[in-house]
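Have a look at the structure below before the remarks.
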Amino acid sequence: MQFEMTLTVLGISRMNIEGRTFCSVHTGQMPVGDAANDCRGYEVTKMGAEPAVFDQIAADFQPGEDVHFIAQLKKAGGGKSQPYLIGVVPKTTPPASQATKTTGTAKADSK
């Protein structure tokens, strides 16, 4: 099952270990519930990702930016599951409104 996640990304790293490529995304979120009493600033997490995710992050990425990911649940130790990032949802730009478009022709006032 795939789903979308919006995460505040603090950093992303890609590494090669013994010929295999791994990718990690470091995220931050404001703590909620009981954790809010024991944390100042962001609660930092590290999530596994496909190596292609590194290339899909925009070159002009700024740490602390919100990024929309496609994820799936992956089995983890102890019979638990955790999200595994498999792609980045491309940014969509809203279409330019007619008011901002120019036709390139100017007409003089005929008064």
Side-chain angles (χ1 to χ4, degrees):
M1 175 178 97
Q2 294 182 353
F3 55 95
E4 285 188 27
M5 295 180 74
T6 302
L7 302 170
T8 302
V9 178
L10 304 176
I12 183 168
S13 58
R14 178 175 55 187
M15 65 218 78
N16 286 311
I17 301 172
E18 296 181 7
R20 294 185 60 196
T21 304
F22 298 92
C23 184
S24 297
V25 176
H26 304 275
T27 67
Q29 66 180 14
M30 294 306 292
V32 293
D34 293 337
N37 297 326
D38 298 324
C39 183
R40 304 271 193 266
Y42 283 123
E43 187 175 42
V44 179
T45 61
K46 177 180 164 185
M47 301 180 75
E50 286 290 323
V53 170
F54 185 88
D55 297 321
Q56 294 172 4
I57 297 286
D60 61 347
F61 165 77
Q62 295 295 316
E65 194 174 301
D66 285 344
V67 179
H68 302 284
F69 290 98
I70 299 171
Q72 65 184 19
L73 288 178
K74 190 173 185 180
K75 289 185 181 182
K80 297 181 180 180
S81 315
Q82 64 186 20
Y84 181 74
L85 307 175
I86 58 174
V88 176
V89 176
K91 290 183 181 179
T92 56
T93 55
S97 68
Q98 295 295 347
T100 60
K101 288 185 180 178
T102 59
T103 60
T105 59
K107 295 183 180 178
D109 235 357
S110 59
K111 291 185 179 182

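Along the sequence shown, residues carry numbers from 1. Note that these values count all heavy atoms, side chains included, but never hydrogens, waters or copies made by symmetry.
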Non-hydrogen side-chain atoms of V25 and I12 separated by less than 4.5 Å: yes
Spacing of CD1 belonging to I70 relative to CD belonging to E4, to within rounding of 0.5 Å: 6.0 Å
Same apolar cluster: M47 and V44, side chain cutoff 4.5 Å: no
Spacing of K75 atom NZ and S81 atom OG [to the nearest 0.5 Å]: 8.0 Å
ILVMFWY network linking F22 to F69, side-chain heavy atoms under 4.5 angstrom: no
Considering all heavy atoms, the nearest P51-C23 contact: CA-CB, 3.8 Å
Distance, nearest 0.5 Å, that separates CD of Q72 from CD1 of I86: 4.5 Å
Contact check, side chains of F3 and L73, non-hydrogen atoms, under 4.5 Å: yes
Heavy-atom pair of closest approach, residues S24 and M15: OG-CE, 4.1 Å
Check: T27 and T8 side chains under 4.5 Å, non-hydrogen atoms: no
Atom pair CE/NE2 of M5 and H68 - distance to nearest 0.5 Å: 12.5 Å
Co-membership, hydrophobic cluster, residues L85 and F54, 4.5 Å side-chain: yes
From E43 atom CD to D38 atom CG, the distance as rounded to the nearest 0.5 Å: 10.0 Å
Under 3.5 Å donor-acceptor, Q56 side chain and V88 backbone: yes
Interatomic spacing from CD in E65 to CG in D60 - rounded to 0.5 Å: 7.0 Å
Min side-chain heavy-atom separation L7-T45 under 4.5 Å: no
